[in-house]
**Q** 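Here it is, the structure in full.
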Amino acid sequence: MAGQQGQQREQVAVVTGASSGIGAATARRLAAEGFRVVLVARRAERIEEVAKEIGAAATAQVLDVTDRTAVAAFAASLDRVDVLVNNAGGAFGAESVADGDPEDWRRMYEVNVLGVLHMTQALLPALRAAGGDGADGAGTVLVLSSTAAFTPYEGGGGYVAAKAGAHAIAGTLRLELVGEPVRVIEIAPGMVRTDEFALTRFGGDAAKAASVYAGVDEPLTAEDVADTIAWTVTRPPHVNVDLLVVRPRAQAAQHRIARKP
Ligand SMILES: NC(=O)c1ccc[n+]([C@@H]2O[C@H](COP(=O)([O-])OP(=O)(O)OC[C@H]3O[C@@H](n4cnc5c(N)ncnc54)[C@H](OP(=O)(O)O)[C@@H]3O)[C@@H](O)[C@H]2O)c1
C-alpha cells in the first residue's frame with residue numbers, strides 16, 4: 001500500500017525529470033510501492049517509454065518545469081497529488097567562477113531552483129488537500145538537492161549555487177508549512193553514476209564524463225537513490241525525514257574519494 005498511511009486509496013506521485021537516471025528509477029520504484037505515478041520531463045519519447053514499461057500505474061506528461069504557465073496548466077489537469085518529487089535538474093559546465101558562462105549559470109538556476117519553485121507552488125493546493133486534516137495523511141514535497149549544496153568544489157560554482165538554492169527552498173518551506181499536513185523532505189546525494197548527468201555537464205564529451213567516475217569502486221546508482229526516496233516518502237505521515245545525505249562508501253566527502261589507479 002502506497003505511503004503506509006493507513007488508507008486504501010491509491011496515492012499519486014508526480015516525478016519530475018523521469019525520462020532518465022534517478023527520476024526514471026524513482027518512478028519505477030514508487031509504482032512498485034503502489035503509487036500511481038505521473039512522469040514529467042521534456043522528452044516525450046523517453047518518458048512514454050518509461051511509462052509504458054511501468055504499465056497501467058504510469059502516465060507520461062511532457063513538461064518543461066521552467067515554464068511557469070505550462071506548469072500551472074499541468075497542475076490544473078491533475079485530480080490528486082500526494083507526493084511531488086522535484087528531481088528535474090542538472091549541471092551545465094565545469095568552468096571556474098572566473099571563466100564560467102553566465103548562460104550556464106542562468107540555466108542551472110532556472111531548472112534546479114525556479115523549476116522546484118514553479119512545481120511546488122502549483123501543486124501545493126493539491127498536496128494540502130491530500131493531507132486532509134493531517135490525522136491520517138500528509139502531502140509530501142521532496143527536493144533532490146546534492147552534497148554540492150553544502151560543499152563547494154572547484155569548477156562547481158554554478159551548480160553549487162543552484163543546489164544551495166534548492167536546499168534553501170526545502171528548509172524555508174518546511175518552516176512555513178509547520179502545522180499543515182504537508183511534509184518537506186530533502187535528499188542530497190553524493191556521487192551517482194547515471195547515464196546522462198555528467199554527459200550533460202560536459203556538453204556530450206563522453207571521455208570527460210567517464211573521468212568523473214574513473215577508478216571509483218561502485219558509485220551510487222539511480223536505483224540506490226530511488227530506494228532512499230521511496231523509504232522517506234513511505235514513512236508514516238507524522239515522520240518527516242528533513243534531510244538525508246547519501247553517498248557511495250567510496251566517497252567520504254566531496255573531495256575524499258577512493259579511486260583505484
Ligand atoms: N548524478 C549525480 O551524481 C547527482 C548527484 C546529486 C544530485 N543529483 C541531482 O539528481 C537529479 C537527477 O539527476 P540524474 O543523475 O538522474 O540526471 P539526469 O539523468 O541528467 O536526469 C535529469 C532529468 O531532468 C530532466 N530535466 C532537465 N531539465 C528539465 C526541465 N527543464 N523540465 C523537465 N525536466 C527536465 C531530464 O529530462 P528531459 O531532458 O527529458 O527534460 C532528465 O530526466 C538532478 O536534480 C541532479 O542535479 C545528481
Side-chain angles (χ1 to χ4, degrees), residues 14-29 38-51 60-71 74 84-94 104 106-119 122 142-151 153 156 158-167 169-170 186-204 209-213 216 218-226 228-229 243-248 250-251 254 257:
V14 172
V15 182
T16 70
S19 60
S20 64
I22 294 167
T26 300
R28 288 187 192 102
R29 178 61 191 271
V38 182
L39 285 72
V40 164
R42 294 166 304 175
R43 288 170 295 175
E45 245 177 60
R46 294 292 300 264
I47 33 168
E48 278 159 15
E49 197 182 305
V50 180
Q61 176 65 54
V62 174
L63 181 67
D64 181 340
V65 298
T66 69
D67 181 341
R68 190 169 173 83
T69 307
V71 168
F74 166 67
L84 165 63
V85 179
N86 283 302
N87 165 78
F92 310 117
D104 284 340
R106 192 185 59 74
R107 287 171 62 210
M108 283 189 274
Y109 192 82
E110 283 202 348
V111 68
N112 293 292
V113 183
L114 295 180
V116 174
L117 180 73
H118 298 325
M119 290 297 296
L142 188 143
V143 176
L144 244 293
S145 64
S146 167
T147 50
F150 311 108
T151 311
Y153 58 95
Y159 186 61
V160 166
K163 286 302 191 186
H167 168 67
I169 291 178
E186 177 181 356
I187 308 287
M191 181 184 283
V192 190
R193 180 159 50 201
T194 54
D195 293 339
E196 298 186 6
F197 179 81
L199 258 188
T200 302
R201 170 168 234 163
F202 294 111
S211 72
V212 172
Y213 311 106
V216 179
E218 291 191 273
L220 293 180
T221 64
E223 288 71 25
D224 292 327
V225 182
T228 303
I229 291 171
L243 167 65
L244 201 156
V245 175
V246 54
R247 300 184 208 263
Q251 183 184 33
Q254 205 79 350
I257 300 171

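Throughout, residue positions are numbered sequentially from 1 according to the sequence presented. Ligands are counted one by one from 1 in listed order, and the atoms in each one are counted from 1 as well.
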**Q** Return the protein residues near ligand 1 (heavy atom under 4.0 Å from any of its atoms), ordered by chain and residue number.
**A**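 The 4.0 Å shell around ligand 1 contains G17, A18, S19, S20, G21, I22, A41, R42, R43, L63, D64, V65, T66, N87, A88, G89, G90, V111, L144, S145, S146, Y159, K163, P189, G190, V192, T194, E196, F197.
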
**Q** Taking the side chain from Q251 and the backbone from M191, do they hold a donor-acceptor pair closer than 3.5 Å?
**A**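 Pair found, side chain donor or acceptor close to backbone of M191.
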
**Q** Could you give all pairs that pass the salt bridge (Lys or Arg N to Asp or Glu O under 4.0 Å) test and reach residues 17-29, with sequence neighbours left out?
**A**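 Qualifying pairs: R28-E53, R29-E33, R29-D227.
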
**Q** According to ring pair (Phe, Tyr, Trp, His ring centres under 6.0 Å), who are the partners of F92, at least two apart in sequence or on a separate chain?
**A**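 Per chain and number, F92 pairs via ring pair (Phe, Tyr, Trp, His ring centres under 6.0 Å) with no residue.
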
**Q** Any donor and acceptor pair, going by atom type alone, linking the side chain of Y109 with main-chain N or O of G158 inside 3.5 Å?
**A**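 It does not hold such a pair.
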
**Q** D224: which residues meet the side chain to side chain contact (heavy atoms under 4.5 Å, CB included) condition with it, sequence neighbours left out?
**A**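 Per chain and number, D224 pairs via side chain to side chain contact (heavy atoms under 4.5 Å, CB included) with L220, T221.
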
**Q** Tell me if a side-chain donor or acceptor on N86 pairs with a main-chain N or O of T16 at a distance below 3.5 Å.
**A**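 Such a contact is absent between N86 side chain and T16 backbone.
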
